[in-house]
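Working notes, beginning with the structure itself.
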Amino acid sequence: AERGVKVRLLLDDNNTSRRLDAMLAALDAQPNIEVRLFNPFRLRRTRWLDFLFDFTRLHRRMHNKSFTADRIATIVGGRNVGDEYFGAAEERMFVDVDVLAVGPVVSAVADDFERYWDCASARPADQVLESVPTDHLAAVLQEAAARRRSEPLAVAYAAALNESTIVSELVTGRLEFDWACADLVSDPPSKILDRAKPTALLPVTLRAALGDPERTLDLVSAYFVPTRTGVDALVALAKHGVRIRVLTNSLEATDVTVVHAGYAGRRRPLLAAGVELYELQRLSAQRRRRRGKGRFGRSATSLHAKTIAVDGVRTFVGSFNFDPRSARLNTEMGLVIQSADLAAKVTQAFDDGARAHAYEVRLAGRGRLAWFERRGAGPIRHDVEPGTGVARRTLVRVLSWLPIEWLL
């Protein structure tokens, strides 16, 4: 902004706080920066009270993620903006997938941003947030600069960025792109108000863009809640000879236990139909170092990516989880890319990740499940969900009895 770039931040208001409110208000007050909050809370100091009396509106969120520069390049995927999503957090790090795109699809993403920016659910920050002293941003920037110089995680992250080949190749114009057709799929912002036509929702447009799988379907979803309808659809595909593989979080790795409760009860019919299920392990820093991964802090790893590869030729990368919340409540977006090379990379990443860092879930007789991990000379079998205690497993079972699947 200081060198003349016009910066616009459109942020969902779900995880804001009083401290973040002050920072956003300070940013919005700066020349060349505009901040708008999507579906904002009215009560800033007592959000829980606002949520209590306006639940129907506030439990719907904008889940879209995009970053577009000069209508020339855009980044689309599942990543939020936060230390834990960029591998620089102390407690938890999220594995994510994004695509950097150039070409005509960038205009589609930029136009999609405009319709969200101008919609009734997007409110200018100065209409929602309390004003702050004019010197507040200067204090924030000074604090950030001090952290970059002194905090070990920040120093390590900056060093990794300087060593990154993708950064140097991008700066020098040597970054190789995969030239392919790409289409944007996106929910209309009116979905937040439950006013969108069903045919305009992302699940419908995504299925049309991906087509029906004929040979293979690789699905990566951090929060996989297929519901009975989704199970029936996947079972039908499997019966027609489609090889289906799903990678999601294990109970030990997930950061949302209640979502796992919506998934756990659907495993048996999927496995019985031949669907392959893999659950990412909670990789501590020690285990990552032992396997040659990881460099920052003591964080554990959790899956956050959302991607689908169909028949080795079409790939979706975006914000859409395979769950009821993404399908019916939140707004979502992503790109469908027609590229055999990219689909092959997704498949290879699936193969490598599942083999090295995930449990394979199998039926073990009498309706029981077993989890297998590859370590050392041979597979290790677990007869209960690995890395969890009785209390957490009991909580998942109790949650699975509640009629809350539509919220997950």
Side-chain angles (χ1 to χ4, degrees), residues 1-13 16 19-38 40 62 64-77 79-83 85-86 88 98-149 151 154-155 157-175 177 182 184 186 189 319 333 335:
E2 288 178 345
R3 61 183 177 85
V5 177
K6 293 183 178 179
V7 179
R8 292 186 296 173
L9 301 176
L10 178 59
L11 306 175
D12 187 88
D13 196 36
T16 53
R19 181 178 181 183
L20 185 58
D21 277 2
M23 185 182 299
L24 294 176
L27 284 171
D28 186 63
Q30 303 307 304
N32 292 328
I33 300 180
E34 287 185 80
V35 179
R36 291 190 179 182
L37 297 177
F38 193 87
M62 182 188 71
N64 312 28
K65 298 99 167 48
S66 69
F67 182 107
T68 305
D70 295 335
R71 281 184 172 259
I72 293 174
T74 189
I75 299 172
V76 174
R79 193 181 312 269
N80 293 307
V81 177
D83 290 352
Y85 298 94
F86 287 84
D98 309 291
V99 289
L100 168 65
V102 296
V105 75
V106 179
S107 292
V109 175
D111 290 342
D112 194 60
F113 178 91
E114 294 293 345
R115 70 170 178 164
Y116 273 80
W117 181 261
D118 292 330
C119 77
S121 296
R123 297 280 305 281
D126 60 4
Q127 296 180 12
V128 178
L129 306 178
E130 297 179 6
S131 60
V132 295
T134 55
D135 61 350
H136 182 78
L137 184 61
V140 170
L141 293 177
Q142 290 175 2
E143 180 185 353
R147 290 180 59 192
R148 285 200 304 272
R149 291 191 299 266
E151 284 194 4
V155 172
Y157 185 82
L161 197 63
N162 288 332
E163 297 168 6
S164 168
T165 56
I166 191 172
V167 172
S168 62
E169 289 172 356
L170 184 64
V171 170
T172 58
R174 295 182 291 109
L175 183 64
F177 281 81
L184 172 69
S186 175
S319 66
M333 68 177 298
L335 300 183

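Positions are given from 1, in the same order as the sequence printed here. Note: hydrogens, waters and symmetry copies are ignored here, and every other heavy atom, side chains too, is used.
- Using cut-offs of 30° and 60° on the angle between ring planes, the pair Tyr116 and Phe38 is tilted.
- Distance alone, capped at 3.5 Å, is enough to place a donor-acceptor pair between the Arg36 side chain and the Trp117 backbone.
- Counting only heavy atoms from C-beta outward, the side chains of Val81 and Leu11 never approach each other to under 4.5 Å.
- Here Leu335 contributes atom CG and Ser186 contributes atom OG; the two are 10.0 Å apart, rounded to the nearest 0.5 Å.
- In this view, Ser131 satisfies the side-chain contact (heavy atoms from CB on, under 4.5 Å) rule with no residue, not counting sequence neighbours.
- Separation of atoms OG (Ser66) and CG (Leu10) is listed at 8.5 Å; rounding is to 0.5 Å.
- Considering only residues two or more places apart in sequence or on other chains, Tyr85 meets the ring pair (Phe, Tyr, Trp, His ring centres under 6.0 Å) condition with Phe94, His304.
- For the atom pair OH of Tyr157 and CD of Glu151, the computed distance is 14.5 Å after rounding to the nearest 0.5 Å.
- Between Val105 and Ala182 the shortest heavy-atom distance is CG2-O, 3.7 Å.
- The neighbour count for Gln127 CD, taken as heavy atoms of other residues, nucleotides or ligands under 6.0 Å away, is above 12.
- The two residues Leu100 and Ala73 come nearest to each other via the heavy atoms CD1-CB, 4.2 Å.
- A pairwise comparison of heavy atoms in Arg148 and Val155 identifies O-CG2, 3.5 Å as the closest pair.
- Using a 4.5 Å cut-off on side-chain heavy atoms (C-beta onward), Ile166 and Leu175 make contact.
- Residues satisfying the salt bridge (Lys or Arg N to Asp or Glu O under 4.0 Å) test with Arg79, not counting sequence neighbours, are Asp98.
- The neighbour count for Arg147 CZ, taken as heavy atoms of other residues, nucleotides or ligands under 6.0 Å away, does not exceed 12.
- Here the NZ-CD1 distance, from Lys6 to Ile33, works out to 13.0 Å after rounding to the nearest 0.5 Å.
- Annotation for Ser168 and Thr172: closest pair O-OG1, 2.8 Å, computed over non-hydrogen atoms.
- Side chains of Leu184 and Asp111 form no contact here, defined as non-hydrogen atoms less than 4.5 Å apart.
- The shortest distance between side-chain heavy atoms of Thr68 and Phe113 does not fall below 4.5 Å.
- Atom NE2 of His136 and atom CG of Leu141 lie 9.5 Å apart (nearest 0.5 Å).
- Remark: Glu143 engages Arg19 in a salt bridge (Lys or Arg N to Asp or Glu O under 4.0 Å) (not counting sequence neighbours).
- Rounding to the nearest 0.5 Å places OG of Ser121 at 10.0 Å from CE of Met62.
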Can you list, pair by pair, the side-chain donor-acceptor contacts under 3.5 Å of residues 24-31, counting residues two or more places apart and other chains?
{"unit_1": "Asp28", "atom_1": "OD1", "unit_2": "Val35", "atom_2": "N", "d": "2.9"}
{"unit_1": "Gln30", "atom_1": "NE2", "unit_2": "Ala26", "atom_2": "O", "d": "3.0"}

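- We find that Lys65 and Asp12 are not joined by a salt bridge, their nearest charged nitrogen and carboxylate oxygen being 4.0 Å or further apart.
- Partners of Asp126 according to the salt bridge (Lys or Arg N to Asp or Glu O under 4.0 Å) rule, which considers only residues two or more places apart in sequence or in another chain, do not exist here.
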